[in-house]
Structures are given as structure tokens and as C-alpha cells.
A.B. asks: 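Let me give you the structure first, and then I'll get to my questions.
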Amino acid sequence: MFFAPTLRALVRAETPVYSLCLSAGNADGLGAIRKEELAHSLEVLNIPPHRRWVVDHPDLQDNFTARWNADTIASVLQPYVQSNNIEMILTFDADGISGHPNHCSLPDGVARLPSPPKSYTLLTRPIHAKYLGVLAPLLAKLSLYQDRIRIYPAVSQPFNQLLHLATRTSPPQHVIVSGIYDYFTALQAMRAHASQLVWFRWLYVLFSRYMWVNELVEIS
């Protein structure tokens, strides 16, 4: 539900996309159901079965209070990266978008790979910028013209104030913006996760910028 804009763009460009989930999501005892739901969701996003895996490692269990060990993450990742000639990794940043400690652990694990491919993290935005809904893609597009609009003083000040709602915490190298068809595809993929669609996740799919915009920062 966080990476849909990027996945849609890559699939549309006919780039082979692989999905590796490092947990079965068994914190509530629903691991088997969550794995099946993830498979249905990835089908919607056109990621075929032979390019998607779910790991169920004893030291990488779904946990809302504990971080994962970076060396363990790297040791699990390495065989998949090597055997599939992975050229780029996309994962969460150190803030994990939602602050989930398992998510927050992932960039450190990627950095511990012996010879990591080019790797990017999804930029976590401040709370006031996370839930702009349909304004998110509009602001992302308008930000491309920010320098040009500054030429016209009559519109530059209100425009810059509007963009301040979506101030970046650090400059992304790549910005991917979904169109309306991609949004509804992401919504269909999210609906496949029936066991997770409690009321507040419906608010997420309606208002989250991550349904519309992904901003990627390279892991140095």
C-alpha cells in the first residue's frame, strides 16, 4: 500500500519487478491469511508468482515493538539478490513511513549487504503532509514548476505557502506520481488485504499521499 505508484510505473515500463516480504505478518496469528492476501494484491499489481516471495524467519517475525537485526536482514536478502541478479532495491527509510520498527530496520539491513545494488528508500513525510489525498499528486506536479512561478510575484507567495504543506524532509532523487487509473489499481490491490481493512485503513486509502506519490532517496 506504500509502494504502489513506483510498482505501477515500473510494471508499465516492462521492468521486471520482484517482491520479497521479510515477514508473514503473523503478529495477530493471521500469517497464513496475510500471505494469501499479499499474493492476491501482487496479482493485481502484475507481479507474477515466480517473482514474489514471503520469508518466515524466526528472527524476523512481525512485531510492533522490536527492531530487526541488520545482519540477519542482510543474510536473508543476499541469496535473493544474488540468484536473481537484482540491480536495484526499494525499501522503507529509517522512519518506516508509519514508524513500524520492522520497517525502520530495513535500510540498515540493505546497507549491510556485501555488495549492495543501487538502493532507494521511500521518503517518510511529516504527518501534516502524509494525508493530503488528491492534493498530493497536484502539489508534486506543481513543485516541478516552482522556480518558474517565482518569476511572477503575484502568484509566487501563495504558491510557495501551498507547497510548504508538503515540505520535503530531505530532497528525493526521484518522484513518481500516479494517475487516476493507477490510484484505482492501488485501491483494488489494497482491497485484497481484507484482514487489514479496518476503518482507519479506509481513511488511509482515501487520504494518504503514498497512494498517489512516491519520493525516493538513494541509500548512500
A.B. asks: Under 3.5 Å, is there a donor-acceptor pair between the side chain of N69 and the main chain of D71?
C.D. replies: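 Indeed, once roles are kept as given, a pair shorter than 3.5 Å links the two residues.
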
A.B. asks: Sort out for me which residue in N102, D56, N26 forms a side chain to side chain donor-acceptor pair (under 3.5 Å) with Q61.
C.D. replies: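 Going through the options one by one, the only one that passes is D56.
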
A.B. asks: Out of curiosity, L90 CG to T6 OG1, how far, rounded to the nearest 0.5 Å?
C.D. replies: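 Reported value, rounded in 0.5 Å steps: 5.5 Å.
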
A.B. asks: Looking at CD of E37 and NE2 of H193, how far apart are the two atoms once the value is rounded to the nearest 0.5 Å?
C.D. replies: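 Going from CD on E37 over to NE2 on H193, the span is 7.0 Å.
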
A.B. asks: For Y80, I'd like to know if atom OH has over 12 heavy atoms of other residues, nucleotides or ligands within 6.0 Å.
C.D. replies: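 More than 12 heavy atoms, drawn from other residues, nucleotides or ligands, come within 6.0 Å of this atom.
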
A.B. asks: Counting only N and O atoms by type, is there a donor-acceptor contact under 3.5 Å from the side chain of K118 to the main-chain atoms of E218?
C.D. replies: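 Side chain of K118 to backbone of E218: no pair is present.
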
A.B. asks: Would you please say whether a donor-acceptor pair under 3.5 Å links the side chains of D59 and T72?
C.D. replies: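 No, T72 and D59 have no side-chain donor paired with an acceptor closer than 3.5 Å.
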
A.B. asks: Should S119 and T91 count as side-chain neighbours, where that means a heavy-atom distance under 4.5 Å?
C.D. replies: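 Heavy-atom side-chain distance check fails, nothing below 4.5 Å.
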
A.B. asks: Measuring from atom OG of S19 to atom CD1 of I47, what distance do you get when rounded to the nearest 0.5 angstrom?
C.D. replies: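 Separation between the atoms: 5.5 Å.
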
A.B. asks: With side chains defined as the heavy atoms from C-beta onward, is the minimum distance between I219 and I89 less than 4.5 Å?
C.D. replies: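 No, side chains not in contact.
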
A.B. asks: As a quick check of understanding, evaluate side-chain hydrogen bond (donor to acceptor under 3.5 Å, both in side chains) for T124 and D93, giving each step before the final call.
C.D. replies: CA-CA 7 Å; T124 297; D93 68 5; 2.6 Å; yes

A.B. asks: With clusters defined by side-chain heavy atoms of hydrophobic residues (ILVMFWY) lying less than 4.5 Å apart, directly or transitively, does V44 cluster with W53?
C.D. replies: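 No, W53 does not connect to V44 through the hydrophobic network.
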
A.B. asks: Please report the interatomic distance CG(N214) to CG(L7), rounded to the nearest 0.5 Å.
C.D. replies: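 Answer rounded to 0.5 Å: 8.0 Å.
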
A.B. asks: With a cut-off of 6.0 Å (strictly less than), are more than 12 heavy atoms of other residues, nucleotides or ligands near CZ of F207?
C.D. replies: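 Count not over threshold, so no.
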
A.B. asks: What are the two closest non-hydrogen atoms of P107 and T121, and how far apart are they?
C.D. replies: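 Looking at all heavy atoms of both residues, the shortest contact is CB-CG2, 4.1 Å.
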
A.B. asks: Give, for atom CG of D182 and atom CE of M211, the distance between the pair rounded to the nearest 0.5 Å.
C.D. replies: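 Rounded to the nearest 0.5 Å, the CG-CE separation comes out at 10.5 Å.
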
A.B. asks: Do L22 and H57 make a side-chain contact, defined as non-hydrogen atoms from C-beta onward lying under 4.5 Å apart?
C.D. replies: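 L22 vs H57: side chains apart.
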
A.B. asks: Parallel under 30°, tilted from 30 to 60°, perpendicular over 60°: which one fits the rings of Y210 and F2?
C.D. replies: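 If you compare the ring of Y210 with that of F2, the planes turn out perpendicular.
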
A.B. asks: Can you hop from Y183 to V213 via hydrophobic side chains spaced under 4.5 Å?
C.D. replies: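 Yes, Y183 connects to V213 through the hydrophobic network.
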
A.B. asks: Are R34 and D28 packed together at the side-chain level, in the sense that at least one heavy-atom pair is separated by less than 4.5 angstrom?
C.D. replies: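 Of all side-chain heavy-atom pairs linking D28 with R34, at least one is under 4.5 Å.
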
A.B. asks: Which atom pair, heavy atoms only, marks the closest approach of L45 to V11?
C.D. replies: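 The pair with the smallest heavy-atom distance is O-CG2, 3.6 Å.
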
A.B. asks: Does CD in Q82 sit with more than 12 non-hydrogen atoms of other residues, nucleotides or ligands closer than 6.0 Å?
C.D. replies: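 At most 12 heavy atoms, drawn from other residues, nucleotides or ligands, come within 6.0 Å of this atom.
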
A.B. asks: Would you call D108 and R67 a salt bridge, taking side-chain N to carboxylate O under 4.0 Å as the test?
C.D. replies: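 Salt bridge flag = yes for R67 with D108.
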
A.B. asks: Side-chain heavy atoms under 4.5 angstrom apart, residues restricted to Ile, Leu, Val, Met, Phe, Trp, Tyr: same cluster for Y181 and V177?
C.D. replies: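 No, no single cluster joins them.
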
A.B. asks: Which of these passes ring-ring contact (aromatic ring centres under 6.0 Å, His included) with H103: F64, F3, W68, F92?
C.D. replies: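 The single option meeting the ring-ring contact (aromatic ring centres under 6.0 Å, His included) with H103 is F92.
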
A.B. asks: Check whether more than 12 heavy atoms from other residues, nucleotides or ligands sit under 6.0 Å from atom CZ of R52, and answer yes or no.
C.D. replies: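 Yes - once you tally the heavy atoms of other residues, nucleotides and ligands closer than 6.0 Å, there are more than 12.
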
A.B. asks: A9 and I176: which non-hydrogen atoms are nearest, and at how many Å?
C.D. replies: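 Minimum heavy-atom separation between A9 and I176: CB-CG2, 3.9 Å.
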
A.B. asks: Might you work through the side-chain contact (heavy atoms from CB on, under 4.5 Å) test for D62 and H100, ending with a clear yes or no?
C.D. replies: CA-CA 10 Å; D62 189 16; H100 194 303; 3.5 Å; yes

A.B. asks: Can L203 be reached from I127 by stepping across I, L, V, M, F, W or Y side chains whose heavy atoms are under 4.5 Å apart?
C.D. replies: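 The answer is yes; both residues are in one hydrophobic cluster.
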
A.B. asks: Which pair of non-hydrogen atoms, one from I73 and one from S105, has the smallest distance, and what is that distance?
C.D. replies: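 What the structure gives for the nearest pair is CD1-O, 3.5 Å.
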
A.B. asks: Got a second to check how far S41's OG is from R191's CZ, nearest 0.5 Å?
C.D. replies: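 Here the interatomic distance stands at 12.5 Å.
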
A.B. asks: Is there a continuous path of hydrophobic side-chain contacts, each under 4.5 Å between heavy atoms, that joins L30 to V54?
C.D. replies: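 Each belongs to a different hydrophobic cluster.
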
A.B. asks: Looking at every heavy atom in both A66 and P101, which two are closest together, and how far apart are they?
C.D. replies: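 Closest pair (atom of A66, atom of P101, distance): O-CB, 3.5 Å.
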
A.B. asks: Search all heavy atoms of C21 against all heavy atoms of S23 and return the closest pair with its distance.
C.D. replies: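 For C21 versus S23, the nearest heavy atoms are SG-O, 3.0 Å.
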
A.B. asks: Counting only heavy atoms not in E36 (residues, nucleotides, ligands), do more than 12 fall under 6.0 Å from its CD?
C.D. replies: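 Atom CD in E36 is not packed in, count stays at 12 or less.
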
